[in-house]
Amino acid sequence: MSRLTLHALSVGIAAASLSLSAHAATEITWWHSMGGELGDRLSTLAEDFNATQDEYRVTPSYRGEYEQTMVNTIAAFRAGEQPHLVQIYEVGTGTMMAAQGAIYPVYELMEEHGNTFDPADYLPVVTGYYTDTNGNMLSMPFNSSTPILYYNKDVFEAAGLDPETPPTTWQEMGEMGQQIVDEGAASCGFTMAYAANWVGLENFSALHNQPIGTLENGFGGLETEFAFNGDVQARFWDQLKEWSDSGVYSYAGPANGPDAAPSFYSSDCAMYMNSSASRADVLANSDFDVGFGMLPYYDDVDGAPQNSIIGGATLWVLAGHEESEYTGVAEFLEYLSLPEVQAEWHQGTGYLPITTAAYELSQEQGYYDENPGADIAIEQINLNEPTENSKGLRFGNYPQVRMVLDEEFQAVLAGTKSGQQALDDAARRGNQILRDFESANK
């Protein structure tokens, strides 16, 4: 037999062996909402895990934006076609918790399959968002972020401001923004994504230790009611209206503020508030020197700044699969929590390291020394021990409430309502959504 024939035979046997091995591996399906570069990185995580063993094969599948993924998951569960794992955004936590019999709590999964798992290894402000009232972790933290301030150092210098000193208070933000506009260095001082919810209300409230809702921001039960219509929040919305009229602030649109990033990249707006996970995109799309800072706060409000809260998503394990398959799910979740894996994910995406070990490893590797500002989000979210007002929020059907907040905030900008009127109306409308959810899930 020729050497060429022997080589061809050996290649064929190896290929057949790999095919049988792949066929024999138990498949773990993972639905997610990450497209583009983040989706590629997520797929790499699965591939790397698959390469460490041959018993299980994790198969990621993009299912649309967060809201679409959650809707698709509910429909799939009803049809008995649910995945093993699904990525659900943080405001869907209350809805997922209420889905009795649909989820397999992570703490139970890990305990029952003998995996190394200690909630104390995770950052408290992360775990607190996804635990029940007894401290049990219901889903596995994955991509957690918090909003920070990005600013254009070149514009600051052109306006006569110190490019190494971002604003720390809202008073400074207004003054610096006005100076930037007056000097013609940019057409607006600042813009932000999620102006009426995640950045401009939820994190604003947490940083000022103001309640978003009763019963520990909804953590204490379905009977919660909204309390985001306080004096401090109303004052802020009124001030945003004033700054909008003077050109200091530019509204970027509802939800995630689609016009915010482009206006910052083009240097139309000098400052921009959005997720820490936007870091990679900001650096890639900006042809100027970018600075980083914490979110501003009112320094005349007692207790401020408290700490910011997270956004992003966790991985929920869905019920209805074989026990042997859950063994693979548990092994994959354990793999995702390894310090080396988390550090690489954190450094490559801008998301927070979900464990203390991953943060410390990033420090040891010199990542923060080489990338100034990369630890701003971690410092901000850990400024103080979380309180009942700053550990997060948990409300049923909260995505609908965010739509209400967007509508009411636009009314403020249009001058048809004051900040207090708009927030009062948002609370009233939001409470009806809560009552509907409560009735459906008693």
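Aromatic pair Y151/Y272: centroids not less than 6.0 angstrom apart. Separation of the Y150 and Y265 ring centroids does not fall under the 6.0 Å cut-off. For W30 and F142, the ring centers are positioned less than 6.0 Å apart. Ring to ring, F395 and F226 are close: their centroids are under 6.0 angstrom apart.
Taking CD of E340 as the start and CG of D48 as the end, the distance is 12.5 Å to the nearest 0.5 Å. Atoms CZ and CG, from R429 and L405 in turn, are 9.0 Å apart once rounded to the nearest 0.5 Å. Put simply, CE on M70 and OG1 on T95 are 4.5 Å apart, with the number rounded to the nearest 0.5 Å. Rounded to the nearest 0.5 angstrom, E408 CD and R428 CZ are separated by 7.5 Å. Between the CD1 atom in I376 and the CD1 atom in I148 there is a gap of 7.0 Å [rounded to 0.5 Å]. Distance check, rounded to the nearest 0.5 Å: CD of Q179 to CE of M176 gives 8.0 Å.
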Derivation and outcome, side chain to side chain contact (heavy atoms under 4.5 Å, CB included), residues E225 and R435: CA-CA 9 Å; E225 294 187 346; R435 299 290 74 78; 3.6 Å; yes
Intermediate values then yes/no, side chain to side chain contact (heavy atoms under 4.5 Å, CB included), Y104 and E112: CA-CA 11 Å; Y104 188 168; E112 292 171 3; 2.4 Å; yes
Y107/Y130 under ring pair (Phe, Tyr, Trp, His ring centres under 6.0 Å): CA gap, chis, key distance, verdict: CA-CA 11 Å; Y107 78 95; Y130 303 110; over 10 Å; no
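Within 6.0 Å of the CG atom in D302, the count of heavy atoms belonging to other residues, nucleotides or ligands does not exceed 12. Within 6.0 Å of atom CD in E157, 12 or fewer heavy atoms from other residues, nucleotides or ligands are found, so the atom counts as exposed in its surroundings.
Among L295, L149, L161, the one residue that satisfies the side chain to side chain contact (heavy atoms under 4.5 Å, CB included) test with P167 is L149. A salt bridge (Lys or Arg N to Asp or Glu O under 4.0 Å) with K391 holds for exactly one of E385, E216, E202; it is E216. A side chain to side chain contact (heavy atoms under 4.5 Å, CB included) with S205 is found for exactly one of L207, L201, N209, namely L201.
In this structure, H32 contributes its side chain and M34 its backbone to a donor-acceptor pair below 3.5 Å. Under a 3.5 Å cut-off, the side chain of E172 and the backbone N or O of T168 do form a donor-acceptor pair. A side-chain donor-acceptor contact under 3.5 Å links T416 to the backbone of A411. For N397 (side chain) and Q400 (main-chain N/O), no donor-acceptor pair under 3.5 Å exists by modelled atom type. With hydrogens and angles disregarded, a donor-acceptor distance shorter than 3.5 Å links the side chain of D238 to the backbone of G419. A donor-acceptor contact shorter than 3.5 Å links the side chain of W170 to the backbone of P296. Judged by distance alone, the side chain of T146 and the main-chain N or O of A377 form no donor-acceptor pair under 3.5 Å. Not one N or O on the side chain of S244 forms a donor-acceptor pair closer than 3.5 Å with the backbone of S250. The closest donor-acceptor contact from the side chain of D118 to the backbone of A120 lies under 3.5 Å. Judged by distance alone, with hydrogens and angles left aside, the side-chain atoms of S33 form a donor-acceptor pair with the main-chain N or O of G64 at under 3.5 Å.
Looking at heavy atoms from C-beta onward, Q239 lies in side-chain contact with Y298 at the 4.5 angstrom threshold. Counting only heavy atoms from C-beta outward, the side chains of E164 and K153 approach each other to under 4.5 Å. At least one side-chain heavy atom of P254 sits under 4.5 Å from a side-chain heavy atom of Y251. Looking at T29 and S61, their side chains never come closer than 4.5 Å, going by heavy atoms from C-beta outward. Proximity of H346 to S362: side-chain heavy atoms (C-beta onward) are separated by under 4.5 Å at one or more points. Side-chain atoms of Q233 and N229, non-hydrogen and from C-beta on, never get closer than 4.5 Å to each other. The side-chain heavy atoms of F190 and V248, taken from C-beta on, include a pair separated by under 4.5 Å. In this structure, the side chains of Y367 and L361 stay at 4.5 Å or more apart for every pair of heavy atoms.
The closest side-chain donor-acceptor pair between S390 and T387 falls under 3.5 angstrom. Under 3.5 Å, the side chains of N384 and N307 contain no donor-acceptor pair of N or O atoms. Checking D406 against Q410 by side-chain atom types alone, no donor-acceptor pair falls below 3.5 Å. Between Q342 and Y359, the side chains place no donor N or O within less than 3.5 Å of an acceptor N or O (distance only, hydrogens not considered). Using modelled atom types, one finds no donor on one side chain facing an acceptor on the other under 3.5 Å when comparing Y89 with T69. When only modelled atom types and interatomic distance are considered, E175 and Q171 share a side-chain donor-acceptor pair under 3.5 Å.
Under a 4.0 Å N-O distance rule, the pair D245/K241 qualifies as a salt bridge.
Across all non-hydrogen atoms, the minimal contact from A234 to Q420 is CB-OE1, 3.3 Å.
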